[in-house]
Amino acid sequence: MSPAKERKLIMITAITGARIFDGERVIEERTVVLDGQRIVALGGPVPDGATVVDARGATLLPGLIDSHVHTSPAGLRDALLFGVTTELEMQGRFTSVRRGKVADRDDLADVRSAGFALTAPGGHPSELFPGDGPPPGVELPDPSEGPLVMPDVSTPEEAAASVAALVADGSDYIKIMIEEGSVLGHPGLPMMSEETVAAGVRAAHEHGRMALAHALTAEATAQGIATGVDGFTHVFIDRPHPPELVAALADAGAFVIPCLVLVSSIMGGTGAELAADERVRSKLSQPWLDTLCGSFDVYPQGKLDDVLATVGALHAAGVDVLAGTDVSVPVPSLGGLAHGASLHHELRLLVAAGLTPVQALRAATALPARRFGLTDRGRVAPGARADLLLVDGDPTTTITDTLGIRAVWRRGVRQETA
């Protein structure tokens with residue numbers, strides 16, 4: 001047998017006996033065959049020479065997608081440990097021209113990126129890092145990659161030019177800040193005018209990119225709707241949901257990434273319970289465990305129950321709700337969050353908001369894949385990437401079972417997850 005044929009046989013994996021959530025629904029037990037980087041069969045016999053994975057008592061899912069992160073190679077590594085096979089970066093460096101060093105590493109999650117967001121000079125998120133240098137835990141980009149596009153924007157013309165520069169730098173989508181700081185402990189932050197925001201949205205669409213808005217208040221969300229954004233990277237948290245705003249979001253066809261784990265942290269909550277779970281604690285470094293036990297705690301007067309009700313109302317109105325965390329760096333003051341682990345927390349909060357476990361799982365698989373045009377993932381189907389998560393139990397009925405990780409595959413390569 002030639003080396004090529006021998007390698008091909010070794011790369012064939014047959015997963016047998018699992019309950020399957022295919023990204024949309026639960027399907028009857030059948031064999032899933034992986035050949036190299038792809039799923040090649042759903043059902044049928046086990047191919048001769050295949051490596052067989054006996055998955056009885058477990059559930060096979062598409063690899064999870066975290067739709068809001070700020071990441072690094074270390075973050076991508078931790079994400080994969082928890083079955084998060086794709087992270088969508090909403091402020092950072094992993095644009096298409098800058099992710100070559102991580103894109104082909106099967107020990108890291110895949111990544112897409114907005115690059116850096118359009119914001120007013122001195123606007124959000126500059127208040128989070130007021131010092132001259134990066135905070136501990138922030139990994140600086142390789143200087144050989146060239147300067148990052150950091151678009152401080154004051155006029156519609158500057159917005160259009162910044163979008164063009166971001167697209168040239170490989171941004172997969174465009175993010176725009178609509179943030180005056182009232183729920184982040186920094187009221188009065190500089191903001192772009194509505195005309196400037198609208199110019200950024202138009203430019204994104206002209207370049208074939210989605211425009212996403214950071215908006216944490218009802219007023220900012222209404223402005224984002226008025227300017228035609230395609231999605232919101234947060235949900236408004238400053239008031240109970242006005243029915244007319246819920247209806248406007250639904251009519252606009254925009255999606256929402258509520259980042260409920262972040263909302264909990266902003267309101268003083270922590271991820272300490274998650275950090276105490278051996279399934280989490282055994283996989284994270286001490287700095288990340290410390291961060292998970294920390295909290296933003298900048299809006300303690302907020303009411304998480306109101307935000308959960310808002311997410312439930314949006315979902316009931318037909319708004320696509322995507323699972324995301326806004327995890328960033330291991331700094332306890334930005335805490336309550338950790339790469340990979342916190343997406344499992346987010347799924348629990350989505351269920352607390354009124355989604356069923358199956359709907360929550362869709363929010364982390366097929367739904368973000370569809371909304372972000374990632375047509376090769378988010379499902380268990382022939383032809384899809386072999387990005388897969390195998391967990392003990394049945395998370396389609398008990399969402400906490402997602403942390404019972406038995407195996408993770410990234411492009412068909414089984415990971416060491418212990």
Side-chain angles (χ1 to χ4, degrees), residues 66-72 75 78-79 82 84 87-92 124-125 127-130 135-138 177 179 181-187 189 214-217 220 232-239 256-277 280-281 284-311 321-353 360 363-364 403:
D66 189 332
S67 292
H68 189 149
V69 305
H70 309 278
T71 198
S72 65
D78 284 353
F82 290 95
V84 177
E87 288 196 322
L88 302 180
E89 188 175 59
M90 291 298 161
Q91 176 100 329
H124 180 72
E127 80 283 1
L128 298 179
F129 306 114
V138 174
M177 298 294 190
E179 177 58 68
S182 63
V183 299
L184 294 178
H186 292 273
L189 287 175
H214 164 112
L216 278 164
T217 66
F232 290 86
T233 64
H234 295 281
V235 69
F236 57 91
I237 68 172
D238 61 323
R239 66 188 69 176
V256 174
I257 310 166
C259 297
L260 291 170
V261 285
L262 174 72
V263 174
S264 174
S265 178
I266 286 173
M267 295 178 177
T270 76
E273 183 178 345
L274 194 68
D277 189 323
V280 172
R281 187 164 58 85
L284 291 180
S285 66
Q286 193 60 50
W288 273 112
L289 289 171
D290 293 342
T291 298
L292 194 54
C293 292
S295 176
F296 276 76
D297 196 22
V298 292
Y299 192 57
Q301 67 270 37
K303 296 181 179 179
L304 181 60
D305 284 345
D306 285 347
V307 182
L308 294 175
T310 295
V311 172
V321 174
L322 278 56
T325 62
D326 203 3
V327 61
S328 56
V329 293
V331 177
S333 62
L334 305 179
L337 308 164
H339 285 275
S342 289
L343 189 62
H344 297 266
H345 189 184
E346 185 74 13
L347 294 176
R348 299 178 191 184
L349 289 173
L350 289 175
V351 171
L403 272 175

Under the side chain to side chain contact (heavy atoms under 4.5 Å, CB included) rule, what do Val329 and His70 come out as? Steps first, then yes or no, please.
CA-CA 8 Å; Val329 293; His70 309 278; over 6 Å; no
Does any N or O in the side chain of Ser265 come within less than 3.5 Å of the main-chain N or O of Val261, such that one atom is a donor and the other an acceptor?
no
Just one of Asp297, Leu262, Val298, Val307 clears the side chain to side chain contact (heavy atoms under 4.5 Å, CB included) bar with Met267, so which one?
Val307
Between Ser295 and Thr270 (side chain of the first, backbone of the second, donor and acceptor by atom type, cut-off under 3.5 Å), is there such a pair?
no
Using 0.5 Å steps for rounding, measure from the CG atom of Leu88 to the CG atom of Asp66.
7.5 Å
If every non-hydrogen atom of Leu189 is compared with every non-hydrogen atom of Gly181, which pair is closest and at what distance?
CD1-CA, 3.8 Å
Is there side-chain contact between Met177 and Pro125, with heavy atoms separated by less than 4.5 Å?
yes
Going from OH on Tyr299 to CG on Leu304, what distance comes out if it is rounded to the nearest 0.5 angstrom?
12.5 Å
When Thr310, Ile257, Val321 are each screened for side chain to side chain contact (heavy atoms under 4.5 Å, CB included) with Val235, the one that passes is Thr310
Keeping the roles fixed (side chain from Thr291, backbone from Gly335), state whether a donor-acceptor pair exists under 3.5 Å.
no
Would you indicate whether the side-chain heavy atoms of Leu292 and Val280 approach each other to under 4.5 Å?
yes
Would you say the side chain of Asp238 lies within less than 4.5 Å of the side chain of Leu216, judging by non-hydrogen atoms?
no
Can you give me the closest heavy-atom contact between Ala341 and Leu274, atom names plus distance?
O-CD2, 3.6 Å
Please name the pair of heavy atoms, one in Ala360 and one in Leu347, separated by the smallest distance, quoted to 0.1 Å.
O-CD2, 3.3 Å
Are any of the side-chain heavy atoms of Asp277 and Glu273 separated by less than 4.5 Å?
no
Kindly compute the distance separating CG (Asp326) from CE (Met90), expressed to the nearest 0.5 Å.
9.5 Å
Can you tell me how far apart CZ (Phe296) and CG (Leu337) are? Round to the nearest 0.5 Å.
6.5 Å
Can you find a pair of side-chain heavy atoms, one from Asp78 and one from Trp288, that are under 4.5 Å apart?
yes
Give, for atom NE2 of His124 and atom CG of Leu184, the distance between the pair rounded to the nearest 0.5 Å.
5.5 Å
Counting only N and O atoms by type, is there a donor-acceptor contact under 3.5 Å from the side chain of Ser342 to the main-chain atoms of His345?
no
Closest non-hydrogen atoms of Ala364 and Leu343, given as atom of the first, atom of the second and distance, are CB-CD2, 4.4 Å
Between His339 and Val84, is the side chain to side chain contact (heavy atoms under 4.5 Å, CB included) condition met? List the steps.
CA-CA 9 Å; His339 285 275; Val84 177; over 6 Å; no
Enter the distance from Leu403:CG to His344:NE2 here, rounded to the nearest 0.5 Å.
5.0 Å
Ignoring hydrogens, what is the shortest heavy-atom contact between Arg281 and Ala275? Give both atom names and the distance.
CB-O, 3.3 Å
Sorted by chain and residue number, the ring-ring contact (aromatic ring centres under 6.0 Å, His included) partners of His234 (sequence neighbours excluded) come out as His68, His214
